[in-house]
Amino acid sequence: MDAITLAQEIIDGRRITREDDLSFFLSCDLDELCKGADMIREKFIGDKVDLCSIINGRSGKCPEDCKYCAQSAHNHTNCEVYDFLPEEKILEACRMNEREGVDRFSIVTAGKALTGEEFDKAIHAYETMNRECRIDLCASMGFLSAEQLHRLHEAGVSSYHHNIETSKRNFPNICTTHTYDMKIETLKKVKAEGMYACSGGIIGMGETWEDRLDMAVSLAEVGVDSIPLNALMPIAGTPLEGLEHISEPDILRTVSFFRYINPKADIRLGAGRALLTNDGELAFKSGASATITGNMLTTVACATIRSDKEMLKGMGRDVTPEYMK
């Protein structure tokens, strides 16, 4: 079988599972794989590109030991450290992203979970944004309980982000202070609450191709709605600082087979777009249908909202959010 034939089978209803021979994705022609992935994207997603933006609502001093992260207290970086931001700052950023025509806006916080008074502040901020803005709201606040997720949902949050980062096999090589299974359980709570589940990971952390395939299948099994794929940008002071950047062909192959395995999910470009031609133009022709954008990300700057929209419009993609139509 070739990649185009498989793409048509997926369009016709076939779904890839663990029982399939996934090694095909590693040996098939890359150009054909990308072309087939774009066929699947066009069928199930269409030309709309979902743009999301974030604000780093609480930074640094994270007790978790994730080896890639600038915000971990176990690593020695120059990460900015501050407690939960004032609501006015969050609201200002939300309004700016709405003016720029971003689809959704998220508060992201460092730490294992946002709790107590800071969580209450987050709820109030979301209630205010939901009342005063039209942009869709997302949250990324670690291992929340079902009750906390329900409170966020009631406050106007429609989407929750919680990356699994890598495969179950490789996860202990990346983090030891929490488990892969804890992440899967959190995503199941998100789905049970009826929220849009956003979960992906980072490639280029020393994992195998089989780890990447396993991550793609695991996300399909949970039924996530959005899959952010980040290419590691090694940060000085972290255990992964010496790793070489992953190549563009390897990123494109990964994006493509994630589309085959998750045909109806938004495959979302995240960190590492600077490693791609024109901030990811080829990736958007290889199955990607969404991106993290913004004039400020957490630790590594990326393209701006306006440059993203200009590039995507030039490709004939729709970048107008529903609330502006």
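- Under the 4.0 Å criterion applied to side-chain N and carboxylate O atoms, Glu185 and Lys188 are assigned as salt-bridge partners.
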Would Tyr160 and His153 count as a ring-ring contact (aromatic ring centres under 6.0 Å, His included) if you check the C-alpha gap in whole Å, the side-chain angles of each, and the deciding distance to 0.1 Å? CA-CA 9 Å; Tyr160 194 77; His153 204 181; over 10 Å; no
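- Checking Thr291 against Arg268 by side-chain atom types alone, no donor-acceptor pair falls below 3.5 Å.
- Using a cut-off of 4.0 Å between Lys/Arg side-chain N and Asp/Glu carboxylate O, Asp214 and Lys168 are scored as not salt-bridged.
- Asp21 and Ser23 share a donor-acceptor pair across their side chains, judged by distance under 3.5 Å alone.
- Between Lys191 and Asp225 there is a salt bridge, since at least one side-chain N of the basic residue sits less than 4.0 Å from a carboxylate O of the acidic one.
- Side chains of Glu64 and Thr177: a donor-acceptor N/O pair is present below 3.5 angstrom, by distance only.
- No hydrogens or angles considered: nothing links the side chains of Ser199 and Asn163 as a donor-acceptor pair under 3.5 Å.
- Taking the six-membered ring where the residue is Trp, Phe25 and Tyr260 present perpendicular rings, their angle passing 60° and hence far from 30°.
- Between the side chain of Ser59 and the main chain of Glu80, a donor-acceptor pair closer than 3.5 Å is present.
- A donor atom on one side chain and an acceptor atom on the other are not found under 3.5 Å apart for Tyr180 and Glu165.
- The only option from Leu243, Leu232, Asn75 that meets the side-chain contact (heavy atoms from CB on, under 4.5 Å) definition with Thr238 turns out to be Asn75.
- Side chains of Glu19 and Thr17: a donor on one and an acceptor on the other come within 3.5 Å.
- In plain terms, the two heavy atoms of Gly60 and Ala110 that are nearest each other are N-CB, 3.8 Å.
- Contact check on Arg18 versus Glu221 returns a salt bridge, with a Lys/Arg side-chain nitrogen under 4.0 Å from an Asp/Glu carboxylate oxygen.
- Between Glu87 and Lys121, none of the side-chain N atoms (NZ, or NE/NH1/NH2) sits under 4.0 Å from a carboxylate O, so this pair counts as no salt bridge.
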Go through it in stages, so that I can follow the logic: the residues are Val224 and Cys198, the test is side chain to side chain contact (heavy atoms under 4.5 Å, CB included), and I'd like the CA-CA distance, side-chain angles, deciding distance and then a yes or no. CA-CA 6 Å; Val224 299; Cys198 181; over 6 Å; no
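- A salt bridge links Arg95 with Glu132: at least one charged nitrogen is closer than 4.0 Å to a carboxylate oxygen.
- Under 3.5 Å, the side chains of Ser158 and Asp136 contain no donor-acceptor pair of N or O atoms.
- For residues 241-266, no pair satisfies salt bridge (Lys or Arg N to Asp or Glu O under 4.0 Å), with sequence neighbours left out.
- Counting non-hydrogen atoms of neighbouring residues, nucleotides and ligands closer than 6.0 angstrom, the CD atom of Glu92 reaches no more than 12 such neighbours.
- At a threshold of 4.0 Å, the pair Asp120-Arg151 counts as salt-bridged, since one of the basic side-chain nitrogens sits closer than that to a carboxylate oxygen.
- In this structure, Phe257 is a member of the same hydrophobic cluster as Leu276, with clusters built from ILVMFWY side-chain heavy atoms closer than 4.5 Å.
- For residues 29-40, the side chain to side chain donor-acceptor pair (under 3.5 Å) pairs, not counting sequence neighbours, are Asp38-Arg41.
- A donor-acceptor contact closer than 3.5 angstrom is absent between the side chains of Asp211 and Thr166.
- Under a cut-off of 6.0 angstrom, the local environment of CG in Asn78 is sparse, with at most 12 non-hydrogen atoms contributed by other residues, nucleotides or ligands.
- A cation-pi contact links Arg104 to Tyr196, judged by a cut-off of 6.0 Å to the six-membered ring centre and 45° from its axis.
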